[in-house]
Amino acid sequence: MTDRRSDDREIDVPDRGADVRAVASRFWPEWDWTAAHVTHGAFHKVALHPEGLVVRVAIGQDAAARTARERLTTRGSSLGSR
């Protein structure tokens, strides 16, 4: 599945058990995600970085649409800032 970032770069959205560490590394390459603990929720994978960062990646049917809705919900917060 393909989606677009806010800067209009095309990305691959993971399906099923895709490696959330790889996704986190693509979006936040300044952080070393290799030591992140990976877990999951009902419709997402989660990478818990040792320094406290958390990345949640939607998976499955309608993942891109759910991610877009969640992005609108979190807009204006401190997410994405270092």
Side-chain angles (χ1 to χ4, degrees):
M1 185 184 324
T2 302
D3 197 3
R4 295 197 178 271
R5 273 186 71 171
S6 60
D7 63 5
D8 220 24
R9 283 188 290 166
E10 200 170 88
I11 61 158
D12 292 323
V13 177
D15 288 317
R16 297 186 183 145
D19 189 354
V20 68
R21 288 183 194 104
V23 173
S25 293
R26 287 184 67 189
F27 282 90
W28 298 279
E30 64 274 19
W31 296 94
D32 179 10
W33 290 96
T34 57
H37 172 73
V38 175
T39 187
H40 62 88
F43 300 102
H44 58 275
K45 297 285 182 180
V46 179
L48 306 168
H49 192 278
E51 293 186 40
L53 292 97
V54 177
V55 172
R56 181 176 178 268
V57 178
I59 58 174
Q61 186 176 5
D62 299 324
R66 287 194 326 271
T67 299
R69 285 192 304 270
E70 292 167 6
R71 182 170 179 259
L72 288 175
T73 301
T74 59
R75 182 171 274 176
S77 72
S78 62
L79 294 176
S81 62
R82 188 168 180 189

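Both backbone and side-chain heavy atoms feed into the values below; hydrogens, waters and symmetry mates do not.
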Quick one: list whatever passes side chain to side chain contact (heavy atoms under 4.5 Å, CB included) with V46, sequence neighbours left out. T39, H44, L48, V54, R56
Contact summary for A58 and R66, nearest pair of heavy atoms: CB-NH2, 3.6 Å
For K45 and V20, the nearest pair of non-hydrogen atoms, with its separation, is CB-CB, 3.9 Å
Has the side chain of H49 got a donor or acceptor atom that lies under 3.5 Å from a matching backbone atom of D32? yes
Chi angles and distances behind the side-chain contact (heavy atoms from CB on, under 4.5 Å) call for V23, W33: CA-CA 9 Å; V23 173; W33 290 96; over 6 Å; no
Student check: side-chain heavy atoms of E51 and W31 closer than 4.5 Å: yes
Honestly curious: do V38 and L53 fall in one hydrophobic cluster under the side-chain, below-4.5 Å linking rule? yes
